[in-house]
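Some notes on the structure that comes next.
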Amino acid sequence: MSRHLRRCRWMLVALGLCLVMMTRSGAAQTPSEPRLMFSIFGGVSIPGSLFRIPVQPFSVPCETGACVPFIDTLALSRTMASAATAGLNGTLYGSSHFGLTAEIVYIGFGVDDTCDLLFEHPDFEQRNRQLCEDISQKTATKSTVGITFGGAARLSPQHPVSPYIRLQGGIGIRSSSIVEMSGRYQSGGQLRDRPVILDDRTTSVHPMFVGALGVMFSLGSGYQLRAELRDNLMLLERPTGPANELARVNKESFWSHVPAIVFGFDIVLQKKRGRRY
């Protein structure tokens, strides 16, 4: 009888040790955390002023070839207005808090032009006035496609709400000029288009950097929502002065901040259980 009691006692001790080890192991583990994520996001970009030419000499149109070249004076400005932005992002966290990220993003910015006729020679068709009004009424959208890579850091990956920060660098590809400007006018029953500023270089590839600060919200085991404030640092171009008689200008490059507010939907492709120590 005593032998059975001793055997039962040792079995209870062994079971107790197993329970203690299992309890300690469970306490050391934390909830699983997303490690590999694919994100689709969209929002709105909020750019600013691009350039202003306070005095632009501009000849009165001459369709016959025998008229006197009178010179009017225009004031030109171009502002980048808000437009849509969207993209795809992939992030791989090698540890709980730090990871690598890659992104392709479309950044749109509307072009809002203003033309004021400062001085006008007598012209019964008011062709330059028509052209100036047409410039002020037109709207267009320019765009840049960015391809960037960088690093990401998050604060509390095991919790339903996790702030994060990303820093990325790469290239921006723009397929149209942000300097060219033209207007239309009616003359002799025909609608004519006349350039004010010409730009031979319409496509450009330039450096681009992205800084982002946001918050991720868990929707369960495989999905997340995110809200993000980001700043796209882009290299843009602007005229350094008025165009000449051939509508050519000297240009300069400058860095411009193009902030954006975006919201994203994450698909969690891989999760891993973390540890507290």
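Keep in mind that what you see is a predicted model, and the values were worked out from it rather than measured.
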Evaluate side-chain contact (heavy atoms from CB on, under 4.5 Å) for L76 paired with V196, printing each intermediate quantity in order. CA-CA 10 Å; L76 305 172; V196 181; 3.6 Å; yes

With a 4.5 Å heavy-atom cut-off, do I147 and V105 have their side chains touching? no

Crowding at CZ, F98 (>12 non-hydrogen neighbours, <6.0 Å): no

Apply side-chain contact (heavy atoms from CB on, under 4.5 Å) to the pair F254 and L50, showing each step before the final yes or no. CA-CA 10 Å; F254 70 101; L50 189 56; 3.6 Å; yes

Shortest non-hydrogen separation from G170 to T148 and the atoms involved: N-CG2, 3.8 Å

Closest non-hydrogen contact found for L74 with C132 is CD2-SG, 4.3 Å

Can any side-chain N or O of Q130 pair as donor or acceptor with the backbone N or O of E125 at less than 3.5 Å? yes

So, R248 side chain and L198 main chain: donor-acceptor pair closer than 3.5 Å or not? no

Members sharing I46's hydrophobic cluster, built from side-chain contacts under 4.5 Å between Ile, Leu, Val, Met, Phe, Trp and Tyr, are L229, I261, F263

Trace of the salt bridge (Lys or Arg N to Asp or Glu O under 4.0 Å) decision for E103 with R230: CA-CA 13 Å; E103 181 177 280; R230 57 191 290 148; 2.5 Å; yes

Find the distance between CZ (R127) and OH (Y185) and round it off to the nearest 0.5 Å. 6.5 Å

Grab the two heavy atoms, one from D231 and one from P259, that are nearest each other, plus how far apart they are. OD1-N, 3.9 Å

Are N232 and M208 close enough that some pair of their side-chain heavy atoms sits under 4.5 Å apart? yes

Could you tell me whether the side chain of P163 reaches within less than 4.5 Å of the side chain of S156, counting heavy atoms only? yes

Flag, side chain of K142 to backbone of S177, donor-acceptor distance under 3.5 Å: yes

Side chain to side chain donor-acceptor pair (under 3.5 Å) pairs, two or more places apart, involving residues 104-117: R78-D113

Here the gap from R238 atom CZ to R52 atom CZ, rounded to the nearest 0.5 Å, amounts to 14.0 Å

Quick check on the hydrophobic clustering: are L88 and M216 connected, directly or via other members, by side-chain heavy-atom contacts under 4.5 Å? no

Nearest 0.5 Å please: distance from the NE2 atom of H159 over to the CZ atom of F217. 14.5 Å

Do S143 and I107 touch side chain to side chain, with heavy atoms closer than 4.5 Å? no

Taking atom CG of N244 as the centre, does the number of heavy atoms from other residues, nucleotides or ligands within less than 6.0 Å exceed 12? yes

Heavy-atom closest pair (E237 atom, D199 atom, distance to 0.1 Å) is OE1-OD2, 4.4 Å

Side-chain contact, heavy-atom cut-off 4.5 Å: L233 with H257? yes

Would you mind telling me which of S182, S187, S59 makes a side chain to side chain donor-acceptor pair (under 3.5 Å) with R194? S59

Cation-pi check, R226 to F41: give yes when NZ or CZ is under 6.0 Å from the six-membered ring centre and within 45° of the ring axis, no otherwise. no

Flag side-chain contact, heavy atom, 4.5 Å: L131 against R184: no

Can you tell if the side chain of D72 reaches within under 4.5 Å of the side chain of V60, non-hydrogen atoms only? yes

Please walk me through it: do M234 and T144 pass side-chain contact (heavy atoms from CB on, under 4.5 Å)? CA-CA 9 Å; M234 304 166 58; T144 293; 3.3 Å; yes

Do I53 and V179 sit in one hydrophobic cluster, given that two such residues count as connected whenever their side-chain heavy atoms are within less than 4.5 Å of each other, even indirectly? yes

Tell me the closest heavy-atom pair linking G189 and Q186, and the distance in Å. C-OE1, 3.8 Å

C115 backbone acceptor or donor facing S136 side chain under 3.5 Å: yes

Tightest non-hydrogen contact, residues R174 and L235, listed as NH2-O, 3.3 Å

Measure up the F265 and Y223 rings against each other and bin them: parallel (under 30°), tilted (30 to 60°), perpendicular (over 60°). parallel

Is S82 close to S45 at the side-chain level, that is, under 4.5 Å between some pair of heavy atoms? no

For the atom pair CG (L117) and CD1 (I135), what is the distance rounded to the nearest 0.5 Å? 10.5 Å

Rounded to the nearest 0.5 Å, what separation is found between the CD atom of Q56 and the OG atom of S77? 12.5 Å

Do L155 and V215 sit in the same hydrophobic cluster, where Ile, Leu, Val, Met, Phe, Trp and Tyr count as joined when their side-chain heavy atoms come under 4.5 Å apart? no

Answer yes or no: are there more than 12 heavy-atom neighbours, outside R192 itself, under 6.0 Å from its atom CZ? yes

Give a yes or no on whether M37 and I40 share a hydrophobic cluster (residues Ile, Leu, Val, Met, Phe, Trp, Tyr; joining criterion: side-chain heavy atoms under 4.5 Å apart). no

More than 12 heavy atoms from other groups under 6.0 Å of NE2 on H121: yes

Given T73 and V55, is the side-chain contact (heavy atoms from CB on, under 4.5 Å) satisfied, shown in steps? CA-CA 6 Å; T73 306; V55 179; 3.6 Å; yes

Among side-chain atoms of Y164 and E228, is any donor-acceptor pair under 3.5 angstrom? yes

Gap separating the CD atom of E180 from the CG atom of D200, nearest 0.5 angstrom: 8.0 Å

Between I171 and F149, is there a shared hydrophobic cluster once you connect ILVMFWY residues whose side-chain heavy atoms come closer than 4.5 Å? yes

